[in-house]
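Below, chain A is the first sequence line, B the second, and so on; all start at residue 1.
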Amino acid sequence: MTEGVTTLSAVAPKARPILGRDDWIMRWGLLVLGVWLSVAVVLPLYTLLSKSLEDHGGRFIGLANFAEFFATPVLFHSIYNSLTIAIISTAITITLAFIYAYALTRSCMPGKAIFKGIAMVPILAPSLLPAISLVYLFGNQGMIKGVLMGETIYGPIGIVMGEVFWTFPHALIIIITALSMADARLYEVAESLGTSKLRTFFTVTLPGARYGVISACFVVFTLVITDFGVPKVIGGQYNVLATDVYKQVIGQQNFQMGAVVGMVLLVPAVLAFIADRIIQRKQVALISARAVPYHPKPKTRFDMAMMGFCCVVGFMILGIIAVDAFASFIQLWPYNLTLTLYNYDFDLRDGGGWASYRNSIVMASYTAVIGTVIIFAGAYLVEKIRGFTVIRSLVQFMCIIPLAVPGLVLGLAYIFFFNHPANPLEFVYGTMAILVICTVTHFYTVSHLTATTALKQMDPEFEAVSMSLKVPFYKTFWRVTVPVCVPAILDISIYLFVNAMTTVSAVVFIYSADTTLASVAVLNMDDAGEVASAAAMGMMIVVTSAGVRALHALLTRGIARTSQAWRVR
Amino acid sequence: MVTQETPAGSGDQRTRYLKIENITKKFGEFVALQDISLDIYKGEFICFLGPSGCGKTTLLRAIAGLDIQTRGRIEQDGKDISNLPAAERNFGIVFQSYALFPNLTVSKNVGYGLVNQRMGKAAIGERVAELLDLVGLGDQGSKYPAQLSGGEQQRVALARALATSPGLLLLDEPLSALDAKVRVFLRQEIKSLHRRLGVTTIMVTHDQEEALTMADRIVVMNQGTIEQVGTPIEIYRNPMSPFVGNFVGTMNFLSGVVTGAASVRLGAMEFDCANGVGGLTEGQAVTVCLRPEEIAVRGVASGGANSFEVRISGLEFLGSFYRATLQAARLGDMEIIADFSINEVRDMTLDEGATIQIALPGEYIRIFAED
């Protein structure tokens, strides 16, 4: 200004904001969440790490266990095997999923909804199930073992086939998302410039979907390298890291070496996780808000070719499930083909009987309910808290960690942490509670991200308005946030339920005689040679998951109808 | 640093409602507000006007307690509220995004803050109906926000903010998301609502027209500081800095040199300026400011005060007037922008390429030292 001098008042008092009741409640809530995640994630992982640096007597011996691991060819060779399997499986899965996703998003073939539904079926099953089916198809007494031309299914071939089946839907979801974000204007420009279809594919389509494809690669790679169900059933003498952990701990009771293999298994998972995070961050700027959605035009020959491909893949997926279902109703393959329900009489077999099925339902229900409450409320606190930045970032980081931790590693860490005699929480060991805690934690991150995305889509000023109207935040949370987020909340609970039904890796270390689970029963019955009953229990899991999914679809539709007056699409 | 002009004619009998003292707000290293001081009087309609990133919304949020300042004091109605959380302050707020709760009906939205005040159901219903009538949506209570137009939604947000009878109404770019026609209509609505209720109101806007038509006083902000505070007329007529002159309305900026107590030289010509040169010394380089519409063309005789010959190098039709670009050999490279009315252009047959006599009226010339 022309007149007067700027007096920068260093004397102006520094503001010392008084915390309101809302701030206090939120901060305490976030602290509780932080403590919970410390107990459920950080401390067990820390215990695992320290275990890998100890000898049998619990003395610290530095990296001696790791030295032993790398000096033992059998163990060391597993790294090579795991990487081989993971790379081959990833390449096959991504190729198939990309073409399948391309057919679903870029063609006008009929029956897209059905094909998409079929592709999702593997998610409903534990990874043990495709392996069992493969044994029935290509095993020593397999229905079509001739197809392998003398090669054995028990080994890399079987593992890769099982993993491709099991990881297919995970890759498909990501690639579909990537391909559906296409901007029609780019294609119009390419066409107006007379660009060939092939060149358009390589210059427009692939670059657009690039990040999605890379992300899918990392996801599949991590799933395969950390999966234990498929190699356990069909791996034969072919050792991979995941089965080594199991063998060291359950077979040889060598906890220290188990911890070491677990740490080794953590490395590729964490690396893939970090790489994926970096790439995800780059992707943000890719799609502009003004993009015009791409709508494919009918091209008979192309559409038919695409449909043919989807039919083949869909047939294989359903075939695997059908073989399992078929096997579960057969008296004794291949000698006595009479149909029977005998294999469903689980109480006659080891593995926990029908009780394990009931346990699974209970466990999955608790996981869905408790998990959804913790995860959604937690995501809300992380998203909406004001100030408290250090704790907030810390908790936010802890919410993301579980994604990088393979289930086996988490389960192993839980043994060391919760079974420690000095741990005041030891009482949960061997109970249903530890299974629920472990499963919620195992699947925490994806659910957390779902909740965060839903919360970010809400107007950030709702809380400000509530404050100005003197309405406590929890009332607005209950009256507005939760109702608006119901679809996301249902998605989270269904995700938790289905995964709790199918998971084997994390819980296999921490179930007890009273808390056997259906998925673990599949494993144990298969181990005991009761393959048909294992198949039958596998079917029970598939049917239950499918039923819950159907219920979810109905609920979602009902909610869409009752809230259509206010829900804006 | 800032001259605070109290509203014309009201002077000291007005009661101060909001006292903002030396507010500084930093986001990390970035200084969003730098030592802001301002008084706001009871019942006033104040506009914070400035380009995006000037700190106007930050100041509003500090007043609301949504983002508390780093340093400084705020007093509301005689009470120090500097450190109070938003929930313990006394204000209603309306956002650009409306922030209406989508799953609640219009009535439930408006009554949202009343439920918490231990009012009876019937009393709430009455108050909600009264508020909806006030904003002209008496029959829309049972609809959901998504079923209303943008303008109607913003009126619901207004009713909700007023429901608890706050002492201070804060409007954060309330009209920016609306169509031009609706915007003009709501401008009047809000203004008449303010006249009826007399609630002290602060509106943040980047739209000078909005500020000029609605505000009792405008606070022009730039880069975290206040450039000028004044009534719309004062801001427009007497901008205290080139920034204000440029941001509010259109302004000619011409480089000149002080030649006397009330004269400046532009190019090879000397001009009288009735308002003086603001104590600047002779030989000082200055920016000479004049609004395009003040440039006289009708009845300007050759040799008259501040008159000279120019050539019309460009003439742009803007609907209700023409904007001309004027050049003169004696001005060198400088161009002057002048707004001529339709009838001036018609009567005097002004056209591109024509040579005419114009005058720069000395009483409208403003002079600022060149930085």
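- Classification of B:R61 and A:E461 as a salt-bridged pair holds, one side-chain N sitting under 4.0 Å from a carboxylate O.
- For B:L114, no part sits under 4.5 Å from any heavy atom of chain A, backbone or side chain.
- Contact annotation for B:F91: both backbone and side-chain heavy atoms come within less than 4.5 Å of a heavy atom of chain A.
- Contacts between residues 162-171 of chain B and chain A, counted as heavy-atom pairs separated by less than 4.5 Å, involve B:T164.
- Residues meeting the side-chain contact (heavy atoms from CB on, under 4.5 Å) test with B:F247, sequence neighbours left out: B:L49, B:P51, B:F243.
- With a 4.5 angstrom heavy-atom cutoff, B:L66 touches chain A via backbone and side-chain atoms both.
- Residue with the most contacts toward chain B among A:P17, A:A464, A:G20, A:P472: A:P17 (heavy-atom pairs, distance under 4.5 Å).
- Between B:F95 and A:V465, the shortest heavy-atom contact is CE1-CG2, 3.7 Å.
- The greatest number of non-hydrogen atom pairs below 4.5 Å with chain B, out of A:L19, A:D459, A:V484, is found for A:D459.
- If you take OG1 on A:T481 and CG on B:N103, they are separated by 8.5 Å, rounding to the nearest 0.5 Å.
- In this structure, the side chains of A:T476 and B:F101 come closer than 4.5 Å at one or more pairs of heavy atoms.
- Only the backbone of B:N90 has a heavy atom closer than 4.5 Å to any heavy atom of chain A.
- With 3.5 Å as the limit, one finds no donor-acceptor pair spanning the side chains of A:S466 and B:Y112.
- Proximity to chain B (any heavy atom under 4.5 Å) is restricted, for A:R386, to the side chain, taken from C-beta onward.
- No other option in A:K14, A:E463, A:M458 has as many heavy-atom pairs under 4.5 Å with chain B as A:K14.
- Among residues two or more places apart in sequence or in another chain, the salt bridge (charged side-chain N to carboxylate O under 4.0 Å, His left out) test is passed with B:R73 by B:E21, B:E75, B:D80.
- Across B:L84, B:V115, B:L100, the residue that shares the most heavy-atom pairs under 4.5 angstrom with chain A is B:L100.
- Summarising the geometry of A:D23 relative to B:P85, their closest heavy-atom pair is OD2-CB, 4.3 Å, with the distance given to 0.1 Å.
- Considering all non-hydrogen atoms of both residues, A:V480 and B:P102 come closest at CG1-CD, 4.4 Å.
- Listed for the B:R71 side chain is no donor-acceptor partner under 3.5 Å among the backbone atoms of A:P13.
- Chosen from B:P145, B:G72, B:G65, B:A86, the residue pairing most often with chain A at heavy-atom distances under 4.5 Å is B:G72.
- With a 4.5 angstrom heavy-atom cutoff, B:I93 touches chain A via backbone and side-chain atoms both.
- Under the rule for a salt bridge (charged side-chain N to carboxylate O under 4.0 Å, His left out), the partners of A:E383 that lie at least two apart in sequence or sit in another chain are A:K456.
- Here the CD-NZ distance, from B:E88 to A:K470, works out to 9.0 Å after rounding to the nearest 0.5 Å.
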